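Just below is one structure, and these are the notes that go with it.
This chain uses plain numbering: 1 for the first residue, then up along the sequence. Only a predicted model underlies this, so the values are computations on that prediction, with no experimental measurement involved.
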Amino acid sequence: MAVLKSLIIFLLAGICEIGGGYLIWLWLKEDKSIWYGIVGGVILALYGIVATWQTANFGRVYATYGGIFIVLSLLWAWKVDGFRPDRYDIIGASIALIGVCIIYYAPRTVQ
């Protein structure tokens, strides 16, 4: 259950960061209303809050989130922007995901 909870938090944090950044991108690069930027900034602030819900320390959470962000970014680009990841994108994202699962979920002895 703890693994599922942490994955949900990582997913929610990723949606907040990518979604907020995307809205700011649309405001500045696609000449959308300033409201896109304001809402994007609020969502990015929510990302910072959501990330604190993880139980591990800051360094491990952010290292793990980096790999999950890679996967979520490719999924966002595919579903929202119509970008089709190629096999190298998929291989690289898979390697990153395996690495972060080792970092975050490997059993450790208490020191």
Side-chain angles (χ1 to χ4, degrees):
M1 192 63 172
V3 171
L4 180 61
K5 180 181 175 187
S6 70
L7 288 172
I8 290 169
I9 293 169
F10 279 125
L11 180 63
L12 182 57
I15 291 169
C16 286
E17 184 175 9
I18 297 166
Y22 187 70
L23 289 174
I24 291 174
W25 177 278
L26 291 175
W27 167 49
L28 294 174
K29 301 284 272 184
E30 305 290 332
D31 295 322
K32 298 288 184 182
S33 164
I34 191 169
W35 289 106
Y36 280 70
I38 292 169
V39 172
V42 169
I43 293 171
L44 283 171
L46 286 174
Y47 153 72
I49 294 167
V50 170
T52 67
W53 297 345
Q54 294 289 3
T55 58
N57 67 40
F58 179 85
R60 190 166 287 138
V61 167
Y62 274 76
T64 303
Y65 178 69
I68 291 173
F69 181 81
I70 291 168
V71 173
L72 291 176
S73 295
L74 289 172
L75 289 171
W76 182 281
W78 178 34
K79 292 300 183 182
V80 175
D81 282 339
F83 167 81
R84 186 167 174 89
D86 63 21
R87 68 177 156 179
Y88 299 109
D89 294 323
I90 295 167
I91 291 168
S94 298
I95 291 168
L97 195 56
I98 290 167
V100 299
C101 285
I102 292 168
I103 290 169
Y104 201 79
Y105 298 113
R108 292 182 166 81
T109 58
V110 179
Q111 296 179 6

Subject >> Atom pair OG/CD of Ser73 and Glu17 - distance to nearest 0.5 Å >> reply: 7.5 Å
**OP:** Looking only at non-hydrogen atoms, find the nearest pair between Gly67 and Ala96 and report the distance.
**Re:** CA-CB, 4.3 Å
Original post:
So do Val100 and Phe10 actually touch side chain to side chain, heavy atoms under 4.5 Å?
Top reply: no
Original post:
When you look at OH of Tyr36, are more than 12 heavy atoms from neighbouring residues, nucleotides or ligands closer to it than 6.0 Å?
Top reply: no
**OP:** Please answer: with hydrophobic residues joined when any side-chain heavy atoms are less than 4.5 Å apart, are Trp78 and Leu26 in the same cluster?
**Re:** yes
Subject >> Exceeds 12 heavy-atom contacts within 6.0 angstrom, atom CH2 of Trp25 >> reply: no
Original post:
Would Ile68 end up clustered with Tyr105 when hydrophobic side chains under 4.5 Å apart are linked, directly or stepwise?
Top reply: yes
**OP:** List the steps and the verdict of side-chain contact (heavy atoms from CB on, under 4.5 Å) for Ile43 and Tyr22.
**Re:** CA-CA 10 Å; Ile43 293 171; Tyr22 187 70; over 6 Å; no
Original post:
Shortest non-hydrogen contact from Ile102 to Ala106?
Top reply: O-CB, 3.0 Å
Original post:
Would a 4.5 Å heavy-atom cut-off, applied to side chains only, mark Trp27 and Ile24 as touching?
Top reply: yes
Original post:
Rounded to the nearest 0.5 Å, what separation is found between the CH2 atom of Trp35 and the CG atom of Leu23?
Top reply: 13.5 Å
Subject >> Where Pro85 and Asp89 come nearest, the two heavy atoms and their spacing >> reply: CA-OD2, 3.3 Å
Original post:
Linking I/L/V/M/F/W/Y whenever their side-chain heavy atoms sit closer than 4.5 Å, directly or via other members, would Leu75 and Ile90 fall into one cluster?
Top reply: no
Subject >> Leu11 side chain reached by Leu72 side chain, heavy atoms, under 4.5 Å >> reply: yes
**OP:** Check whether the ring centres of Tyr47 and Tyr65 lie less than 6.0 Å apart, and answer yes or no.
**Re:** yes
Original post:
Going from CD1 on Ile49 to CG on Leu44, what distance comes out if it is rounded to the nearest 0.5 angstrom?
Top reply: 11.5 Å
Original post:
Transitively linked via ILVMFWY side-chain contacts under 4.5 Å: Tyr62 with Val71?
Top reply: yes
**OP:** Decide whether Phe69 and Ile9 are clustered together by the hydrophobic rule: side chain heavy atoms of Ile, Leu, Val, Met, Phe, Trp, Tyr closer than 4.5 Å, transitively.
**Re:** no
Original post:
Would a 4.5 Å heavy-atom cut-off, applied to side chains only, mark Tyr104 and Val61 as touching?
Top reply: yes
Original post:
side-chain contact (heavy atoms from CB on, under 4.5 Å) between Trp53 and Leu12: does it pass, once the steps are laid out?
Top reply: CA-CA 11 Å; Trp53 297 345; Leu12 182 57; 3.8 Å; yes
Original post:
When rounded to the nearest 0.5 angstrom, what is the spacing between CD1 in Ile91 and CG in Asp86?
Top reply: 8.5 Å
